[in-house]
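Everything below concerns the one structure shown next.
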Amino acid sequence: MLDDANQDNSDNSTERKGVQSQKPFEPLLDTDEAAKLLRMHPRTLRTKARIGSIPGVQVGKRWRFRASTLNRWLGGLPS
């Protein structure tokens with residue numbers, strides 16, 4: 001019975017290995033990098049990300065940001 005379960009898991013892992021993304025992975029910026037890009041204090045950036053004013057993703061306790069997403073967000077702000 002255990003052999004059947006192990007065999008099923010090995011089949012699934014080989015199927016997953018064949019999946020590849022069509023787009024290249026965009027590195028994520030940490031809070032300090034994104035804050036420098038936006039010319040604001042990192043604490044302000046975290047606060048605005050927490051309330052949803054600035055797009056970001058919280059991974060555990062840390063915030064991560066995509067430069068392209070921040071660029072689109074900046075483009076949508078009124079001048």
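Side chains included, hydrogens not; waters and symmetry mates left out as well; all remaining heavy atoms used.
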Let me have the donor-acceptor pairs involving side chains of residues 64-78, under 3.5 Å, with sequence neighbours excluded, atom names and distances please.
from, atom 1, to, atom 2, distance (Å)
S68, OG, E26, OE1, 2.8
S68, OG, E26, OE2, 3.2
W73, NE1, S53, O, 2.9

Exercise. Which residues pass the side-chain contact (heavy atoms from CB on, under 4.5 Å) test with E33, sequence neighbours left out?
Worked result: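 L29, D30.
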Using atom types as modelled, flag every donor-acceptor pair under 3.5 Å from a side chain in residues 38-46 to any protein atom, sequence neighbours excluded.
from, atom 1, to, atom 2, distance (Å)
H41, ND1, R43, N, 3.1

Seminar exercise, completed: Interatomic distance, CH2@W63 vs OG1@T47, rounded to 0.5 Å, equals 10.0 Å
Exercise. Between atom CG of L28 and atom CZ of R62, what is the distance when rounded to the nearest 0.5 Å?
Worked result: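 Separation between the atoms: 13.5 Å.
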